[in-house]
Amino acid sequence: MQKKRRVVCCSGQHNFLFPAGQVIMDTSRQEPLKYDFKSIEAKWQQRWLTEKPCKVSADPQRPKYYVLEMFPYPSGRIHIGHARNYSIGDVVARYKRMRGFNVLHPMGWDAFGLPAENAAIKSGVHPAQWTYSNIDYMRGQLKAMGLSYDWDREIATCRPEYYRWEQRVFLQLLEKGLVYRKKTTLNWCEDCATVLAREQVIDGCCWRCDKQVVPKIMHGWFLKITDYAEELLADLDKLNGWPEKVVTMQRNWIGKSQGLACDFQVENSAEKITIFTTRPDTIFGVTFMSLAPEHPLIDSLIAGTEQETAVRGFIEQTLLEKQRMALDQEPEKHGIFTGKYCLNPFNGERVPIYVANFVLMEYGTGAVMAVPAHDQRDFEFARKYGLPVRPVVQPEERLAAESMEEAWEGDGALDDSGSFNGLRSAEAKQAVIAHAEKMGFGRRHITWRLRDWGISRQRYWGAPIPVIHCESCGAVPVPEEQLPVVLPGTTTPYGSHAPLHHQEAFYTTTCPKCGQPAKRETDTMDTFMESSWYFARYTSARKDDGILDQDAAKYWLPVDQYIGGVEHAILHLLYSRFFTKALRDLGYLDIDEPFTNLLTQGMVIKDGAKMSKSKGNVVDPDDLIQQYGADTVRLFALFAAPPERDLEWNPQGVEGCFRFLNRVFRLIHLNLDCFSADNAGAVDLSGLSLVDRQLHRKTHQTIRRVTDSIEKDFHFNTAISAVMELVNQISAAAGEEAAQPVGRPVLQEAFETVLHLLVPMVPHFCEEMWQLTGHRQTLQERGWPDFDIAAAAEDELTIVVQINGKLRARLTVPAGTGEEEQKALALADERVSGFIAAGKALKKIVVVKDKLVNIVVQ
RNA sequence: GCCCGGAUGGCGGAACAGGUAGACGCAAGGGACUUAAAAUCCCUCGGCUCUUCGCAGCUGUACGAGUUCGAUUCUCGUUCCGGGCACCA
């Protein structure tokens with residue numbers, strides 16, 4: 001309503017000089033010179049390079065804050081997702097520094113991995129050379145973004161100085177029995193020519209290259225993550241600072257099932273089949289037994305029987321089918337009768353033993369008691385092979401075997417179950433387990449979905465597994481004093497199957513135990529090993545006589561805020577949690593969990609789709625920095641969406657952020673004469689005009705809003721819009737109050753507040769403006785501003801008047817108006833009385849102080 | 001199939017704790033300045049209605065119910081979208 005005319009401020013008439021002597025006003029055109037982001041950013045980056053304001057060391061006298069973004073794989077260039085991730089982390093780091101914390105904010109490189117080898121095959125460059133030159137380039141890109149890292153702690157996981165400690169941890173875990181080697185069915189990716197851990201198979205395909213994964217039987221090294229299953233699960237409850245979604249995903253992945261392990265005696269044999277079930281309450285409904293095709297007992301069951309040929313044929317066919325089928329496809333259920341029976345220990349009944357294609361050897365015991373009435377898979381199987389269906393858990397609506405069309409998997413009352421009849425499912429489960437334990441044929445049992453972590457990779461560019469294979473001594477650990485086992489430089493083609501396998505000079509060695517000729521292990525470690533403990537190594541990145549400096553680790557860990565993509569919800573985050581516990585048990589750490597708070601930032605998308613080369617919608621941060629500067633890129637990445645949500649990249653939005661910085665730049669230059677040392681500090685409120693009082697209030701409200709936004713949930717988007725509102729009000733007030741000298745301290749306070757609040761997001765710009773306006777100390781050093789509650793308080797409030805819940809009028813009342821008065825004012829309002837027609841009875845009046853009056857009429 | 005999220009203008013997104021829906025930005029339209037353009041500044045901007053163009057009325061936060069004086073917010077159901085798991089016994 002009130003139109004504010006923009007008046008060119010008095011300073012526009014003057015000829016201003018930069019401290020450096022540069023003319024910034026062209027008096028004839030009255031146009032401020034351009035916001036020269038290039039020289040501003042170069043200047044501050046140079047300064048940060050030499051002064052290292054982010055270099056930190058452990059200081060028990062000061063509160064610490066460890067903020068970490070997931071380190072990148074040095075693929076060649078920083079992409080926009082990185083830019084967003086690191087912008088978010090940098091705001092947190094800078095904000096916490098301003099709040100007085102001793103902030104650890106390191107950066108490094110997850111530098112082992114397949115792309116380096118692929119590049120080597122393609123162009124003949126050594127993976128190391130490819131990796132190191134990528135690192136050099138990308139480090140430059142990160143520095144050009146003005147990110148406040150302590151670069152003296154930089155690590156690259158492919159350096160022997162890093163992986164030697166990993167090899168040492170590996171050996172210590174081996175000694176502790178947490179590492180073992182076995183031959184088993186592994187997930188093989190043809191394209192990557194290596195095996196993958198189960199977590200690394202996504203929808204039956206390789207997590208990296210998307211190629212379908214096939215089963216392959218081979219030797220591999222495993223980490224006993226399952227030893228920590230219980231703790232990994234229990235401690236999820238401590239992770240209050242993690243998104244619920246990630247916690248749930250991990251909980252499901254670990255997959256704890258409690259139930260009964262029970263032995264079924266094979267008829268006329270000494271053999272027993274042990275099953276696992278989570279539904280002991282249905283055990284009287286067993287009508288057959290299903291074994292996995294790989295079950296070791298099958299051989300002895302069928303040997304010499306007339307079923308033998310048929311069963312062997314079936315098993316062979318099933319295993320073949322498994323090889324051919326994609327992992328995510330579900331073949332039709334089928335099976336074959338072995339000709340043998342076992343006995344249900346609860347009722348002595350004869351139960352035919354089948355081999356079934358849907359039973360997994362890897363889970364439970366590889367044998368399943370089949371209860372068709374209460375398990376859908378068993379139901380389908382029973383109907384197909386004409387096996388009996390016997391309901392033993394009855395829901396409200398009684399089940400009849402003949403008419404059932406699907407299994408009843410819910411709870412109910414036990415029926416046809418001997419002495420357990422009438423019990424509810426929950427109590428029946430306990431009673432059945434107790435009975436089995438008493439009789440000695442069963443026991444309470446827990447199974448986990450989680451499997452041990454297979455870490456062998458048949459690749460070159462990874463940390464060598466420090467083991468020597470000796471004909472007579474077996475797998476012998478490399479003695480600690482011989483570490484690191486250094487990855488050999490090599491001239492043979494990389495990327496062929498198991499490259500180290502062809503490096504005679506590498507693998508030829510002698511057994512440390514017996515001195516006989518022996519062979520080194522030629523597999524390398526999964527690269528997720530390196531990222532499972534790098535956050536700890538940052539605390540003592542340069543330590544060359546041990547894994548971790550105890551004091552530093554104790555001071556800095558755990559990471560207070562971890563930031564990265566949700567795609568690592570299971571893989572990296574689960575491995576890191578496991579490693580933390582394992583390192584603790586080796587005596588290196590005294591924490592249980594590595595990351596107190598986790599922020600999973602959303603993807604950056606363009607035109608509604610994930611950016612990808614094939615779609616041609618990739619935005620290169622380099623180009624943007626060239627065109628707009630790092631501050632604009634950072635500002636947009638923070639402004640366009642809250643961090644946890646996907647961010648739609650909008651070039652016009654970037655333009656808008658650039659415009660905003662230009663606007664602030666211009667406004668400050670036009671009002672340089674309001675800055676003076678005398679005006680610093682508290683503003684004298686007496687004699688202020690209305691506009692200035694309002695600006696003063698807005699300034700303090702903005703400090704409050706921005707602080708709240710950051711503290712509560714890192715919603716920088718709303719923090720930035722709050723500052724934009726303040727700038728809009730400054731812009732209006734600056735014009736209007738140009739002639740009033742008292743306007744100047746208020747204006748100075750407002751401008752200085754803008755710079756204080758924005759400096760974590762746009763550091764170069766704000767520090768430059770701050771210096772320009774005559775300050776010596778940097779904003780970072782000045783710290784975060786406090787707000788004055790009294791100054792932020794409104795003296796007038798808008799009260800909404802509703803009639804039957806519909807907005808009918810707004811009243812402006814002074815702050816502190818009582819409820820009764822509020823009600824009276826509302827009723828007295830002529831618009832309100834107009835709505836309350838004659839004859840309508842007032843039913844009720846709801847008054848909410850300082851907010852509204854709702855008048856309910858008949 | 002199971003388990004989690006989510007759905008608000010042309011767009012990205014705001015809205016403390018049930019109390020003025022659409023902050024801030026983008027786009028669009030109109031205007032000022034300019035010889036002109038760019039830049040900048042100002043105004044309008046969910047939809048519909050009007051013989052009163054108004055501090056107007058109605059309607060509106062995916063859809064349908066419910067609780068409430070009052071629902072974007074809470075409850076139930078439905079649809080769609082996204083993510084995770086997927087023979088886990």
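Here is the naming used below: chain letters follow the sequence lines, and residue numbers restart at 1 for every chain.
- We find that CD1 of I283(A) is positioned 15 Å from P of A89(B), with the value rounded to whole Å.
- Contacts of K843(A) with the nucleic acid, taken as non-hydrogen atoms under 4.0 Å apart, are absent.
- For the C1' atoms, the distance from G12(B) to A65(B) is 32 Å, rounded to whole Å.
- Rounding to the nearest 0.5 angstrom, the gap separating the CD atom in E819(A) from the CG atom in D850(A) is 8.5 Å.
- Nucleotide C74(B) has G66(B) as its partner under the Watson-Crick or G-U criteria, with both atom distances under 3.5 Å.
- When distances run from any side-chain atom of R449(A) to the nucleotides G13(B), A86(B), A89(B), the shortest one goes to A86(B).
- Closest to the K851(A) side chain, of the nucleotides A21(B), C24(B), G19(B), is G19(B).
- The phosphate of C58(B) has OP1 or OP2 within less than 4.0 Å of a side-chain N or O from R808(A).
- Distance, M369(A) CE to C87(B) P: 20 Å, rounded to whole Å.
- Distances from the side chain of K245(A) to the nucleotides G83(B), U20(B), U40(B) place G83(B) closest.
- Within 4.0 Å of D378(A), counting heavy atoms only, lies no atom of the nucleic acid at all.
- G364(A) comes within 4.0 angstrom of no nucleic acid atom, judged by non-hydrogen atoms across all strands.
- Checking A21(B), C88(B), A27(B) against the side-chain heavy atoms of R659(A) singles out A27(B) as nearest.
- Between U59(B), A14(B), C26(B), one nucleotide has an atom nearer to the side chain of N650(A) than all others, and that is C26(B).
- Contact check for L260(A) versus I283(A): side-chain heavy atoms found under the 4.5 Å cut-off.
- Minimum atom distance to the side chain of V800(A) is reached by U20(B), of the listed A14(B), A86(B), U20(B).
- When the C1' atom is compared between U75(B) and A71(B), the two are found 11 Å apart, to the nearest whole Å.
- Searching all strands for a Watson-Crick or G-U wobble partner of G25(B) with both distances below 3.5 Å returns C11(B).
- Ring pair F381(A)/Y385(A) is tilted by interplanar angle, where 30° to 60° counts as tilted.
- Nearer the 5' end of RNA chain B, as judged by each residue's closest nucleotide, is the contact made by E244(A), out of K712(A) and E244(A).
- Closest to the N717(A) side chain, of the nucleotides A23(B), G19(B), A14(B), is A14(B).
- Counting non-hydrogen atoms under 4.0 angstrom, D708(A) reaches nothing in the nucleic acid.
- Residues T753(A) and F787(A) are not in side-chain contact: their nearest non-hydrogen atoms beyond the backbone lie 4.5 Å or more apart.
- Between D237(A) and R251(A) there is a salt bridge, since a side-chain N of the basic residue sits under 4.0 Å from a carboxylate O of the acidic one.
- Residue R663(A) places at least one side-chain N or O closer than 4.0 Å to OP1 or OP2 of C41(B).
- U61(B) and A21(B) are spaced 7 Å apart, taking the C1' atom of each and rounding to whole Å.
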Show your working on ring pair (Phe, Tyr, Trp, His ring centres under 6.0 Å) between F636(A) and Y628(A) and close with a plain yes or no.
CA-CA 11 Å; F636(A) 178 73; Y628(A) 298 106; 9.7 Å; no

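- Among the nucleotides G13(B), C85(B), C41(B), the one closest to any side-chain atom of P642(A) is G13(B).
- At A86(B), none of the side-chain N or O atoms of R377(A) fall inside 4.0 Å of OP1 or OP2 (strictly under the cut-off).
- Within the 4.5 Å cutoff, no side-chain heavy atoms of V847(A) are placed close to those of E820(A).
- Contact annotation: side chain of R451(A) to base of C88(B), donor-acceptor pair present below 3.5 Å.
- With hydrogens and angles left out, the side-chain atoms of Y363(A) and S257(A) include a donor and acceptor closer than 3.5 Å.
- Using cut-offs of 30° and 60° for the angle between ring planes, the Y35(A) and F658(A) rings count as tilted.
- Distances shorter than 4.0 Å separate none of the side-chain N or O atoms of T447(A) from OP1 or OP2 on A89(B).
- Across the strands present, A39(B) finds no partner; the criterion is a Watson-Crick or G-U wobble pair with both atom distances under 3.5 angstrom.
- Using Watson-Crick or G-U wobble geometry with both donor-acceptor distances under 3.5 Å, U61(B) finds no partner in any strand shown.
- Residue V723(A) is classed as having no contact, given no heavy-atom separation below 4.0 Å to the nucleic acid.
- For G57(B) and G5(B), the C1' atoms lie 39 Å apart once the distance is rounded to whole Å.
- D281(A) and S425(A) share a donor-acceptor pair across their side chains, judged by distance under 3.5 Å alone.
- Counting only heavy atoms from C-beta outward, the side chains of E644(A) and H715(A) approach each other to under 4.5 Å.
- On the C1' atoms, G31(B) is 43 Å away from G18(B), given to the nearest whole Å.
- Comparing A23(B), G12(B), A27(B) by their nearest atom to the side chain of Q652(A) picks out A27(B).
- For A89(B), the OP1/OP2 oxygens have no side-chain nitrogen or oxygen of R279(A) closer than 4.0 Å.
- With a glycosidic angle further than 90° from 0, G47(B) counts as anti.
- In this entry G82(B) has C4(B) as its Watson-Crick or G-U wobble partner, both defining distances falling under 3.5 Å.
- Of the nucleotides present, none pairs with U20(B) by Watson-Crick or G-U wobble criteria with both distances under 3.5 Å.
- Across G46(B) and C11(B), the matching P atoms stand 13 Å from one another, rounded to whole Å.
- Side-chain proximity of R645(A) to A23(B), G19(B), A14(B): nearest is A14(B).
- Following rounding to the nearest Å, L574(A) (CG) and C85(B) (P) show an atom-to-atom distance of 12 Å.
- Between R666(A) and C41(B) there is a side-chain N or O to OP1 or OP2 distance below 4.0 Å.
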Strictly under 3.5 Å: I want the nitrogen or oxygen pairs between protein and nucleotides 68-72 of chain B, one per line.
from, atom 1, to, atom 2, distance (Å)
C69(B), O2', N854(A), ND2, 3.4
C69(B), O2, N854(A), ND2, 2.4

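- Between R704(A) and C16(B) there is no side-chain N or O to OP1 or OP2 distance below 4.0 Å.
- Atom name P, nucleotides C24(B) and G83(B): the rounded distance is 34 Å, in whole Å.
- With C1' as the reference atom, G29(B) and A17(B) are 40 Å apart, rounded to whole Å.
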